[in-house]
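All remarks here apply to the structure that follows.
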Amino acid sequence: MKYLMGFDPGGGNHFGWCVVKDRREWPLGVVDAGIADHAAGAVEAAYEAVPKGASVIGVGIDAPLFWVANGCRAVDNALRERIRCLGAPHAAGTVQQVNSLRGACLVQGMLAGVLSRQCTPGVPISESHPKAMLWLLGHNPVEIKLPGLGDKLILPHDWHQADVGDHLRDAGLTCLSAWAMVHEPPEWEDILAHDRDEKFSLITPLPGYWMPRCSSN
């Protein structure tokens with residue numbers, strides 16, 4: 001069996017993680033998800049949810065995983081404009097400048113990638129942006145929670161976790177970026193190709209950045 005992981009970095013009790021079974025088409029079955037205090041706790045919990053002998057074939061992370069020297073990433077500008085055209089009322093706040101983000105997102109997100117590569121050497125990693133992703137998929141992030149994503153993510157029958165702050169939802173959505181990175185469906189693209197500047201990252205080889213091409217349900 002093959003599995004995908006997603007992480008939504010944050011501070012104490014705000015670091016979401018999710019594990020799903022891989023398959024070629026949606027919906028993907030959620031194996032488990034939870035909230036941790038930091039990158040180490042989230043990665044450890046996610047790997048504990050993967051059955052012994054199974055493979056982790058992709059990881060998605062809701063955090064910037066590379067920088068450019070001038071501080072302004074072309075991918076962020078392009079993504080901001082795309083969701084603005086789709087009706088996002090505060091596109092600049094949804095897709096923030098990297099230099100304006102808090103350390104929990106910046107540092108803990110990068111560490112989640114480094115730790116994932118330590119657990120599974122060479123595992124493909126994709127940056128993700130769940131709230132922008134929802135706009136591109138035709139959803140207003142304010143109006144949809146994890147249980148409302150049944151056409152994309154199927155929760156276990158005994159699911160009972162409350163998603164305070166949308167950390168579980170966003171961790172689950174990052175799994176979709178990992179899925180797209182692995183399967184390369186035509187309706188998704190690696191938007192990292194839009195940024196021609198030299199990139200700097202603690203993760204090598206450089207991660208991708210898989211997002212939907214356009215609005216579709």
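This chain uses plain numbering: 1 for the first residue, then up along the sequence.
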Run the numbers on K199 and L192 for side chain to side chain contact (heavy atoms under 4.5 Å, CB included), then give the verdict. CA-CA 10 Å; K199 302 168 185 65; L192 197 65; 3.8 Å; yes
Donor-acceptor pairs are to be reported for all side-chain atoms of residues 44-52 against protein atoms at under 3.5 Å, with residues two or more places apart or in another chain.
residue	atom	partner	partner atom	Å
Y47	OH	S116	O	3.4
Y47	OH	T120	OG1	2.7

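- Between the side chain of K145 and the backbone N or O of E143 there is no donor-acceptor pair closer than 3.5 Å.
- Looking only at distances, a side-chain donor or acceptor of D163 sits under 3.5 Å from a matching main-chain atom of H167.
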Return a table of donor-acceptor pairs under 3.5 angstrom between the side chains of residues 171-186 and protein atoms on other chains or two or more places apart.
residue	atom	partner	partner atom	Å
T174	OG1	F7	N	3.1
T174	OG1	G60	O	3.4
T174	OG1	A171	O	2.6
S177	OG	S128	OG	2.9
S177	OG	W210	O	2.9
W179	NE1	R23	O	2.8
H183	ND1	R24	NH1	3.4
H183	NE2	D22	OD1	2.8
H183	NE2	D22	OD2	3.2

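- A36 and G41 make their closest contact through CB-C, 3.7 Å (heavy atoms, listed as atom of the first residue, atom of the second, distance).
- For the atom pair CG of L136 and CG of L86, the computed distance is 6.0 Å after rounding to the nearest 0.5 Å.
- Between the side chain of H129 and the backbone N or O of T94, at least one donor-acceptor pair lies under 3.5 Å.
- The backbone N or O of I203 lies less than 3.5 Å from a partner atom in the side chain of S201, making a donor-acceptor pair.
- Hydrophobic clustering, with ILVMFWY side chains joined whenever heavy atoms are under 4.5 angstrom apart, groups M1 together with V59.
- In this structure, the separation between CE on M133 and CD1 on I83 is 12.5 Å, given to the nearest 0.5 Å.
- Note that CG of L134 and CG of N140 are 8.5 Å apart. Values are rounded to the nearest 0.5 Å.
- Minimum interatomic distance between V31 and P156 (heavy atoms only, all atoms of both residues): O-CG, 4.2 Å.
- Taken from CG in L146 to CG in L153, the straight-line distance is 6.5 Å, to the nearest 0.5 Å.
- Considering all non-hydrogen atoms of both residues, L65 and R73 come closest at N-NH1, 4.1 Å.
- In this structure, the side chains of D32 and Q161 come closer than 4.5 Å at one or more pairs of heavy atoms.
- Closest non-hydrogen pair, V95 versus A132, comes out as CG2-CB, 4.1 Å.
- Separating the CG atom in D76 from the CD atom in E81 is a distance of 13.5 Å, to the nearest 0.5 Å.
- Between P9 and M110, the closest side-chain pair of non-hydrogen atoms is not below 4.5 Å.
- In this structure the side chain of F66 never reaches within 4.5 angstrom of the side chain of P207, judged on heavy atoms.
- Listed here is the closest heavy atom pair of D190 and Y209: OD1-N, 2.8 Å.
- Between E189 and R82, at least one side-chain nitrogen of the basic residue sits less than 4.0 Å from a carboxylate oxygen of the acidic one, meeting the salt-bridge criterion.
- Side chain of R169 to backbone of I144: a donor-acceptor contact under 3.5 angstrom is found.
- Q108 places none of its side-chain heavy atoms less than 4.5 Å from the side chain of H14.
- The closest side-chain heavy-atom distance from W17 to V43 is not below 4.5 Å.
- Shown here is K21, whose NZ atom has no more than 12 heavy atoms of other residues, nucleotides or ligands within 6.0 Å.
- Here the CD1-CE distance, from I125 to M5, works out to 11.0 Å after rounding to the nearest 0.5 Å.
- Between W26 and L28, the closest side-chain pair of non-hydrogen atoms falls below 4.5 Å.
- For the pair R117 and V123, the tightest heavy-atom approach, listed with the atom from each and the gap, is NE-O, 2.7 Å.
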